[in-house]
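Just below is one structure, and these are the notes that go with it.
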Number of protein chains: 2
Amino acid sequence: MDIKTLCLGLLSLDEACGYDLKKKFESLFKHFFAAGYGSIYPALADLAEAGLVDCREVPQNGRPARKVYAITEAGRTFFQDSLSRANPTHKLRSDFLVMMYFADQVDTDRLQLLLDSRIGSFHDAAAHIERITESWPSDSPAGARFVAGFGKAMAEAATRYIEENRHMLKGQAKSQRPDVHRQAHRLASGLEERV
Amino acid sequence: MDIKTLCLGLLSLDEACGYDLKKKFESLFKHFFAAGYGSIYPALADLAEAGLVDCREVPQNGRPARKVYAITEAGRTFFQDSLSRANPTHKLRSDFLVMMYFADQVDTDRLQLLLDSRIGSFHDAAAHIERITESWPSDSPAGARFVAGFGKAMAEAATRYIEENRHMLKGQAKSQRPDVHRQAHRLASGLEERV
DNA sequence: AAGAGCATGTAACCTGTTACATGATTAT
DNA sequence: ATAATCATGTAACAGGTTACATGCTCTT
């Protein structure tokens, strides 16, 4: 599912401009779908050209006119058809896990730092979800609640796993192969070579 | 972290040809990193050109020579430097969650199907991890164990969450808006327009 | 006889990211 | 004053996916 379809989906719930959509992506979909302006604006232009959304310009004082997009009947139809396509994906891509896989080639201090900051991120994610959901009225859509709950449950499970299993990982003592690390830094990308 | 770096990482553990690497990706990294031949072979060529790996051709009878790649000292250094870079990512991209978010626009039958098949996938993932780890010797790398355990824990947590919370989602009755669904099919992508 | 597995790769394509470009208003 | 927020977009680039192209061997 591409960003175009997702924009259309958000517009099926409420009209919005590109800027608004970006904010919605960042609050509602933060834990499972990212999108920047560089993909949202072109997506909206494409949707408008295809007649799946209408655009209404609202002049502002001192800033670019707000381009408010509203879904059309054709758009709604198209979106619901997208939803009826099979095999939705669910893919993780994690450099963090890659690093953990190679833990014995990472020095101990850094390894601990990585684990701590990953726990921090998961904690932030859970907190973020809690923050956005606590203001939701009791009749808010079930789908939104389900998805938020999923994100929170995963973040909590991940934190728990790391806390309970980090003892397995020791990493490589920092001083053990100083030569390699010095070489690494030299090669890195122009850090000045010092001691 | 790109596929090139990951290939280098795998080669830091053992020499291998492109075909072997693909298999390793599919067994070890299945749950958090995907790679096809279309990215692996070019990656290996690049690594060889950069001097980070050496290539040795082993002739076969009746099939293309096996190109066995082995990491060089420069490669090892480079890889360890990559591991020392900051902020490793951990990103989920899930069409499944998108669909669940819009659950009230999906018909009930399909929604149940999606939930069932997602549980099935998570179950498969956990089973896959169990299968590959059960043959690991007790002295196998801690990182590999940690990562496998993480994948299993997440798959189990996800399954549990879905099973305990799917009752929240009802979806839309299939018969409620037949017109829309018919329209959807017409618009889909050149299905012949019939009644 | 059919299909899975072994073994290599290329080329076009799709999609999204990053950096750039602009500039007023509002809050700290 | 400084930073954040509002509001639009483009263009070059990076990275991976999919389809294509080839062909023998081993298992069922």
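Below, read A as the first sequence line, B as the second, and so on, with proteins coming before strands; counting in each chain starts at 1.
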Nearest whole angstrom, please: distance from the [atom2] of [N] to the [atom1] of [X].
{"X": "A/Lys91", "N": "D/dT17", "atom1": "NZ", "atom2": "C1'", "value": "10 Å"}
{"X": "A/Lys22", "N": "C/dT18", "atom1": "NZ", "atom2": "P", "value": "11 Å"}
{"X": "A/Ile40", "N": "D/dT10", "atom1": "CD1", "atom2": "C1'", "value": "15 Å"}
{"X": "B/Leu6", "N": "D/dG16", "atom1": "CG", "atom2": "P", "value": "10 Å"}
{"X": "A/Arg93", "N": "D/dA14", "atom1": "CZ", "atom2": "P", "value": "16 Å"}
{"X": "B/Tyr19", "N": "C/dA4", "atom1": "OH", "atom2": "P", "value": "12 Å"}
{"X": "B/Arg56", "N": "C/dA7", "atom1": "CZ", "atom2": "C1'", "value": "16 Å"}
{"X": "A/Asn61", "N": "C/dT26", "atom1": "CG", "atom2": "C1'", "value": "12 Å"}

Measuring to OP1 and OP2 of [N], would you say a side-chain N or O of [X] lies under 4.0 angstrom away?
{"X": "A/Tyr41", "N": "D/dT8", "result": "yes"}
{"X": "B/Lys67", "N": "C/dG9", "result": "yes"}
{"X": "A/Ser39", "N": "C/dT17", "result": "yes"}

| Looking only at atom types and distance, does a side-chain atom of B/Ser39 sit under 3.5 Å from a main-chain N or O of B/Ala35, one as donor and one as acceptor? | no
| remark: Assert: residue with more 5' nearest nucleotide on DNA chain C, out of B/Leu44 and A/Tyr37, is B/Leu44
Side chain of [X] - closest among [options]:
{"X": "B/Pro64", "options": "C/dA7, D/dT17, D/dA7", "answer": "C/dA7"}
{"X": "B/Arg63", "options": "D/dG23, C/dG16, D/dA7", "answer": "D/dG23"}
{"X": "B/Ile3", "options": "C/dC6, D/dT10, D/dG16", "answer": "D/dG16"}
{"X": "A/Tyr69", "options": "C/dC6, C/dG16, D/dG9", "answer": "D/dG9"}
{"X": "A/Gln60", "options": "D/dA7, C/dT8, C/dG16", "answer": "D/dA7"}
{"X": "A/Asp2", "options": "C/dG16, D/dG9, C/dT10", "answer": "C/dG16"}

| request: Answer yes when B/Asp104 and B/Lys170 have at least one side-chain N-carboxylate O distance shorter than 4.0 Å, and no when they do not. | output: no
| task | Classify the ring geometry between B/Phe29 and B/Phe32 as parallel (under 30°), tilted (30 to 60°) or perpendicular (over 60°). | result | tilted
| query | Under 30°, 30 to 60°, or over 60°: which ring-plane class applies to B/Phe102 and A/Phe79, parallel, tilted or perpendicular? | reply | perpendicular
| Is there side-chain contact between B/Leu92 and A/His31, with heavy atoms separated by less than 4.5 Å? | no
Within the 4.0 Å heavy-atom criterion, would you say [X] contacts the bases, only the backbone, or no part of the nucleic acid?
{"X": "A/Arg66", "answer": "sugar-phosphate"}
{"X": "A/Ala65", "answer": "sugar-phosphate"}
{"X": "A/Lys23", "answer": "sugar-phosphate"}

| request: Indicate the atoms forming the closest heavy-atom contact of A/Gly171 with A/Thr108, along with that distance. | output: C-OG1, 3.9 Å
| query | Given that A/Gly38 and B/Ala34 both sit by DNA chain D, which one's nearest nucleotide is further toward the 5' end? | reply | A/Gly38
